[in-house]
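Only this structure's heavy atoms are used, side chains among them; waters, hydrogens and symmetry mates stay out.
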Amino acid sequence: MLTLDGLDVWRGPSQVLHNLDLEVKAGEIVALLGANGAGKTSTLLTISGLLRPRGGRAVLSMDGREHDLLRLAPDRIVAAGVAHCPEGRQVFAGLSVAENLRMGAFLRRDGEVASDLAEMGDLFPILRERAGGLAGQLSGGEQMMLAIARALMSRPRLLLLDEPSLGLAPQMVDRIFDVIETIRGRGTTVLLVEQNAGMALEIADRAYVLENGRITLSGLAAELAEDARLQEAYLGLAPAGEGA
Amino acid sequence: MTGGYLLQQMINGLVLGSVYALVAVGFSMIYGIVRLINFAHGDVLMVGAFSAFAILLVFGFPLWAAVLAVLTIGAILAMLIDFIAFRPQRSAPQVNGFITSLGVSILMQNLGILLLSGQPRPFNLPGWMRTNLDVLGARMTVLEIVTVAVTLLVLLGLTYFVRGTRMGIAMRATAENPLAARLMGIRVNKAIATAFALGGALAGLAGLLWAGRAGQIDPLMGFVPGLKAFVAAVIGGVGSLVGAVLGGYLLGFAEVLFVGLLPPSFGSYRDAFVFGLLILILLVLPNGLMGRSTEERA
């Protein structure tokens, strides 16, 4: 569904992604792991068209059609079926919850927006309860649900999720990860950026590890979870054979 | 002092406040979406007044044509200013845009003087607009009644636009968070252009009303209403449309009452009073009447 091929991305004077290759197949949950500043967010921003690479290719293919993402404006990328739920939630704080959701469907002209709104209310009952309230008055976890629901309102084929667990209480993180699995169950492919590698590997099919803008490890999530290098670096576990 | 006199002053304040509100609401809308203090906003009003002059008094078209023209010309001019002057430096620090807007303002004033001469020209609306009517014992011209009515209608329409329409909500979303707005597929430059167009149309309309009230026009006439709109917007809390309207009316009433209730010798201190009021309000409410503190965005 998504193929990134040799991306070189710069932000100002510094190169943040080096020759990055990444693939997401339809129906997968793919985790992109790495420390702060490794280039995870830059990867997502490049896919959404907000960062333009100096070299490489980014292609979205589905239903036999190929979209060259590097030639599409950000609004056309949304229209092509990519939704990006950004880091730090970024809900429209001064807009009501319902208005936030309506903006998620900004480009849609079909008549099913209202029924999708109702569906979001089923998926996240708190959003229905607070529909008229300001998004800025929701708790952090509720804002995260709103951000996810808002992204889903565009009916994406591919959902980019940037650090959904950031700053949330553990139970809320569990809820969010349940929701991610539900979303995949509904047929949406997910590219999940996370620092919380343990949680991400539990629900992902495959994963990539980014370090300083380069992919250093990739493979099946179940295998990576056992990988000594990854355990050492991100799961805070001692290398195998040294106890624990 | 009779009740009739007071009522008359209140009505005068309502009329003046309406014009301020029309200008201030556009000013505030532009600030809200691009964080730009646009000092050229008053000069769009000036161009609106000259357009009305040309349509009504030079070409002799009817009033409705002038109204359509000032709305259209104001909208196009404001979008053009945005496109040429502000859009190329969208990512520059806020102060750059502010200085640019001063430059645009001075440019427009001087172009006006160069092309149209700095001499004031008489601007007389059709006679029926200047007829006095009796309203609850006070006197109002048709123009004044129209000013108040049109302002209220326009503000209602604008409220509906920003609350109830897809593009209006998108404008507010862009003002809140441009990055997230882009991720929704909103074209930020289009949303900004819409704000300029609306603000410009209202400024153009205010130009027609202001000119009709003053009875004369000149290329520097936009300065005072532009400045007053700025004050009104700051009093209301820049970025808040409701605040700008409240600020406009508050300013209109305060000015008229100051001039009307104090001995005539104080009349020339009117602007000193206006800015004193501004300072006083900001001392008590640093974010204006309806402004939100920026810190609350976490």
Ser61(A) and Glu66(A) side chains, donor-acceptor separation under 3.5 Å: no
Under 3.5 Å: donor-acceptor pair, side chain of Arg35(B), backbone of Gly32(B): yes
Most contacts with chain B, counted as non-hydrogen pairs under 4.5 angstrom, among Met153(A), Arg76(A), Arg109(A): Arg109(A)
Pair Val82(A)-Arg157(A), side-chain contact (heavy atoms from CB on, under 4.5 Å): steps then yes or no: CA-CA 6 Å; Val82(A) 180; Arg157(A) 306 286 296 273; over 6 Å; no
Selection from Arg187(B), Arg163(B), Met184(B) maximising heavy-atom pairs under 4.5 Å formed with chain A: Met184(B)
Chain B contacts, top residue of Leu45(A), Leu107(A), Ile77(A) (heavy-atom pairs, under 4.5 Å): Leu107(A)
Chain B contact via Ser154(A) - which portion, at a heavy-atom distance below 4.5 Å: neither
Electrostatic pair Glu28(A)-Arg184(A), nearest N-O below 4.0 angstrom: no
